[in-house]
Amino acid sequence: EDQVTQSPEALRLQEGESSSLNCSYTVSGLRGLFWYRQDPGKGPEFLFTLYSAGEEKEKERLKATLTKKESFLHITAPKPEDSATYLCAVGAGNMLTFGGGTRLMVKP
Amino acid sequence: ETGVTQSPTHLIKTRGQQVTLRCSSQSGHNTVSWYQQALGQGPQFIFQYYREEENGRGNFPPRFSGLQFPNYSSELNVNALELDDSALYLCASSQRTGTSEAFFGQGTRLTVV
């Protein structure tokens with residue numbers, strides 16, 4: 001059974017304090033590792049797809065990396081507007097299996 | 001380019017009733033997936049539709065059913081509502097089957113009382 005675990009569950013940072021979110025996974029036949037951002041009461045917003053170990057992608061203050069067992073979302077010098085829940089999902093077959101998310105709060 | 005739109009945004013139903021949720025897929029996308037997200041949890045896959053046929057199903061009972069129309073829009077129907085069905089229901093569209101990049105709508109918040 002495919003499984004995705006995200007840590008920490010919640011993270012509080014000061015503005016400008018860089019950190020990393022972790023996504024550990026077990027899946028048979030990985031067809032992509034996906035990162036989404038979700039604001040309260042809204043649908044997830046697509047951020048990145050990673051397909052193979054060693055791959056990296058960047059967008060503004062966010063950088064996602066992938067190994068064979070886990071992915072990291074690095075946040076450099078975060079701003080209050082980066083506050084959200086960050087979801088990781090693995091693709092296998094026709095479905096995405098999501099982790100529980102990391103709730104990030106960035107204080108000014 | 002229009003994104004994924006869902007209706008209604010909020011809904012309150014009584015236990016035992018039936019509900020229909022609607023989704024219009026993003027322009028150029030032919031695949032629609034539905035997810036259920038309970039409060040404080042990640043989304044869970046309900047099913048996927050491609051070319052008007054169910055193309056994969058998660059661990060949900062048969063009272064969860066769906067349709068896809070020729071214009072790729074979709075409906076999610078839930079019969080005999082239970083209190084535990086209260087959740088945010090998300091529709092996601094993608095350009096092809098499998099797990100190509102999926103783009104989500106804003107969701108429908110269903111409350112069963």
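The chains referred to below are lettered A, B, ... by the order of the sequence lines, with proteins before strands, and numbering in each begins at 1. FYI, side chains are in, hydrogens and waters are out, and symmetry mates aren't considered; it's all heavy atoms of this structure.
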Does the side chain of P43(B) come within less than 4.5 Å of L96(A)'s, by heavy atoms?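 No - every pair of side-chain heavy atoms lies 4.5 Å or more apart.
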
Check: F104(B) and Y36(A) side chains under 4.5 Å, non-hydrogen atoms: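 SC-SC contact between Y36(A) and F104(B) confirmed.
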
Roughly how far, to the nearest 0.5 Å, is CD of E101(B) from CZ of F48(A)?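 One finds 11.5 Å between CZ of F48(A) and CD of E101(B).
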
Roughly how far, to the nearest 0.5 Å, is the CD atom of Q41(B) from the OG1 atom of T85(A)?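 Going from the OG1 atom of T85(A) to the CD atom of Q41(B) covers 12.5 Å.
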
Verify the cluster assignment for L73(A) and V27(A): are they in a single hydrophobic cluster under the rule of side-chain heavy atoms below 4.5 Å apart?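 Yes.
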
Kindly work out whether a path of hydrophobic side-chain contacts (I/L/V/M/F/W/Y, heavy atoms less than 4.5 Å apart) joins L83(B) to F60(B).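 Yes, L83(B) connects to F60(B) through the hydrophobic network.
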
I'd like to know whether [atom1] of [X] has more than 12 heavy-atom contacts from other residues, nucleotides or ligands below 6.0 angstrom.
| X | atom1 | result |
| --- | --- | --- |
| E53(B) | CD | no |
| E9(A) | CD | no |
| R12(A) | CZ | no |
| R63(B) | CZ | yes |
| K13(B) | NZ | yes |

Counting the benzene-type ring for Trp, do F45(B) and F98(A) have ring centres under 6.0 Å apart?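 Between F45(B) and F98(A), the centre distance exceeds or equals 6.0 Å.
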
Can you tell me which portion of Q44(B) sits under 4.5 Å from chain A's heavy atoms? Options are side chain, backbone, both or neither.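 For Q44(B), there is no contact with chain A at all, as no heavy atom is under 4.5 Å.
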
Which bit of F47(B) comes within less than 4.5 Å of chain A, counting heavy atoms only: side chain, backbone, both or neither?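 Answer is neither: F47(B) stays 4.5 Å or more from chain A.
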
Exam field: side chain N94(A) to backbone G56(B), donor-acceptor pair closer than 3.5 Å: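 It does not hold such a pair.
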
Contact summary for G43(A) and L90(B), nearest pair of heavy atoms: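 Minimum heavy-atom contact is CA-CD2, 3.7 Å.
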
Measure distances from Q38(A) to the heavy atoms of chain B and classify the residue's part below 4.5 Å as side chain, backbone, both or neither.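 For Q38(A), the side chain is the part near chain B, not the backbone.
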
